[in-house]
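In the text below, chain A, chain B and the rest are named by the order of the sequence lines, each starting its count at 1.
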Amino acid sequence: MPELPEVETVRAGLAESLTGAKVQSVIVHDPRSLKRHLAGSRDFIETLSGRKIEAAVRRGKFLWLPLSRKRGEEQLALMGHLGMSGQMLLRSPDFEAEALTRVTIKVRTAERERLELRFVDQRIFGSLAIDFMEETPDGLTAGFSGTNELFSWSNLIPSQAKHIARDPLDPNYDLDAVLKKFKAKHSGIKRVLLDQQVVSGIGNIYADESLWRARIHYDQPASTISNAKASLLMAEVTQVLAAAVEAGGTSFDEQYKNINGESGYFSVSLNAYGMTGLPCNRCGRAIRRDNWMNRGSHYCPNCQKLRTSRASK
DNA sequence: AACACATCCTGACTGC
DNA sequence: TGCAGTCAGGATGTGT
């Protein structure tokens, strides 16, 4: 569910409340949420307990909390991915339990307040794991942590996120590299936008929104899009992601909430996603939804036409 | 290697 | 009311 703007909203909330917090105890209600922690629940609990959380960092849709290090030990992080339905809620211990809580991490904050980080996930596609960190391939800062200060872990990335490309809001994001990959790919452009190894952070909502803004059909082969048009598309991607971060993300239902359980309000700005049958905000034709990859693609059949010639304006 | 597809899950909602 | 079917913001493993 959550794409970059939703994950960033969560990251910012965690960074504010959990930086400097110490883990008191951990409860694993459903071990399936630790599927990426191969050493199992006990190891997860033992490794995490007593650690200090140093920050909250994000690349694309991957989120991690670097942990205090024991002498001689490699740098570890609590890695999280929200999958389709994951939430990270920060609650006071007496706040009513959420029914689908899979993991509870009890902490004491830097201000000595007791809080619970509750990992709630309906579909269990999301996960938590303790992961070791490696140097980024390019040696640059691994992700966004809301600070310009350099920390000892700043060019380290959890091994499980190492293959993820930089996202468009990353200062070290390389537009030319993305355009080059477009030229080499014959798949439809939407597939390529969703490929987190090409560019990260984009999911179904913001792919549909960006394509609508750039007037490109979702199945247009990436290699047939001119550099100028592809640059425009990526500019729209960047804009729509940034605007959605400003709005605290997109919420349609109970599935996306920030750390306080509040909804984001970007849904009012959507032009394509979830607008099936409603008039296109540009030309008035009804927005269509095609079945696509076991999900949906929303687009305007008039503004976003498949182009067979190489010239796609 | 590049690409397309199936798969991991649960719950909310719709229509008969 | 019950039940079947549909839908959901993602990543990854597998087969061609």
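- For A:Lys61, the listed nucleotide lying nearest its side chain is C:dA11; candidates were C:dA11, B:dA4, C:dA8.
- Straight-line distance between the P atoms of B:dA6 and C:dT6: roughly 15 Å, to the nearest whole Å.
- The aromatic rings of A:Tyr218 and A:Tyr299 sit perpendicular to each other, their planes meeting at more than 60°, with 30° as the lower class boundary.
- Between the CG atom of A:Asp195 and the P atom of B:dA1 there is a distance of 15 Å, given to the nearest Å.
- Defined by atom type and a distance below 3.5 Å, a donor-acceptor pair is present between the side-chain atoms of A:Tyr206 and A:Thr250.
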Would you please test A:Asp138 and A:Arg166 for side chain to side chain contact (heavy atoms under 4.5 Å, CB included) and show each step?
CA-CA 11 Å; A:Asp138 56 15; A:Arg166 292 186 180 276; 3.0 Å; yes
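- The shortest distance between the side-chain N/O atoms of A:Gln255 and the OP1/OP2 oxygens of C:dA8 is not below 4.0 Å.
- The distance between atom NZ of A:Lys190 and atom C1' of B:dC3, rounded to the nearest whole Å, is 18 Å.
- For the pairing with A:Val57, the side-chain contact (heavy atoms from CB on, under 4.5 Å) check across A:Pro158, A:Ser154, A:Ser145 returns one residue only, A:Ser145.
- Residues A:Ser159 and A:Met133 fail the side-chain proximity criterion, which asks for heavy atoms closer than 4.5 Å.
- For B:dC3, the OP1/OP2 oxygens have a side-chain nitrogen or oxygen of A:Lys185 closer than 4.0 Å.
- Using a 3.5 Å distance cut-off with no hydrogens or angles, the side chains of A:Ser33 and A:Asp121 do not pair a donor with an acceptor.
- Distances were taken from every side-chain heavy atom of A:His186 (C-beta onward) to each of C:dG10, C:dT12, B:dC3; the shortest belongs to B:dC3.
- Within the nucleic acid shown, A:Gln196 comes within 4.0 Å of sugar-phosphate atoms alone, with no base atom in reach, counting heavy atoms only.
- Map A:Gln160 and A:Asn291 each onto its nearest nucleotide of DNA chain C; the residue landing nearer the 5' end is A:Asn291.
- For the pair A:Gln196 (side chain) and A:Ile202 (backbone), a donor-acceptor distance under 3.5 Å is present.
- Inspection of the A:His186 and A:Ser223 side chains reveals an N or O donor paired with an N or O acceptor under 3.5 Å.
- In this structure, CZ of A:Arg295 is placed 18 Å from P of C:dT6, rounded to the nearest angstrom.
- Taking the centre and axis of the six-membered ring of A:Trp212, the NZ or CZ atom of A:Arg282 falls inside the cone set by 45° and 6.0 Å.
- When the P atom of B:dA2 is taken as reference, atom NZ of A:Lys183 falls 17 Å away, rounded to whole Å.
- Set against B:dC3, C:dT12, C:dA8, the side chain of A:Arg36 has C:dT12 as its closest nucleotide.
- Residue A:Glu246 qualifies as open at atom CD: its count of foreign heavy atoms under 6.0 Å is 12 or below.
- Rounded to whole Å, the separation between the C1' atoms of C:dT12 and B:dG11 comes to 23 Å.
- Secondary structure note: stems in DNA chain C built from 3 or more consecutive Watson-Crick or G-U wobble pairs under 3.5 Å occupy B:2-8 with C:10-16, B:10-16 with C:2-8.
- One can place CD of A:Glu6 at 16 Å from P of C:dA8, the figure rounded to the nearest angstrom.
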Classify every nucleotide of nucleotides 5-10 of chain B by which part a protein heavy atom approaches to under 4.0 Å, writing B for the base, S for the sugar-phosphate alone and - for neither, in 5'-to-3' order.
B-BBBB
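- Looking at heavy-atom distances under 4.0 Å, A:Phe252 makes contact with a base.
- A:Tyr256 places its OH atom 14 Å from the P atom of C:dG10, with the value rounded to the nearest Å.
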I would like to know whether A:Lys61 and A:Leu82 meet side chain to side chain contact (heavy atoms under 4.5 Å, CB included); could you show each step before the answer?
CA-CA 8 Å; A:Lys61 307 170 198 171; A:Leu82 302 179; over 6 Å; no
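- Here the P atom of nucleotide C:dA11 and the CD1 atom of A:Ile164 are 7 Å apart, to the nearest Å.
- For the P atom pair drawn from B:dC9 and C:dT14, the interatomic distance equals 15 Å after rounding to whole Å.
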Dump every N/O contact between nucleotides 14-16 of chain C and the protein below 3.5 Å, one line per pair.
none

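- Look at A:His163 and you'll find a side-chain N or O under 4.0 angstrom from OP1 or OP2 of C:dT12.
- Clustering ILVMFWY residues whenever any of their side-chain heavy atoms sit less than 4.5 angstrom apart, transitively, puts A:Leu34 in the very cluster that holds A:Leu117.
- Proximity of A:Ser85 to the phosphate of B:dG11: no side-chain N or O atom is located under 4.0 Å from OP1 or OP2.
- Spacing between atom CG of A:Leu270 and atom P of C:dA8 amounts to 14 Å, rounded to whole angstrom units.
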Carefully, step by step, assess A:Ser251 and A:Lys257 under the rule side-chain hydrogen bond (donor to acceptor under 3.5 Å, both in side chains).
CA-CA 7 Å; A:Ser251 303; A:Lys257 303 281 180 169; over 6 Å; no
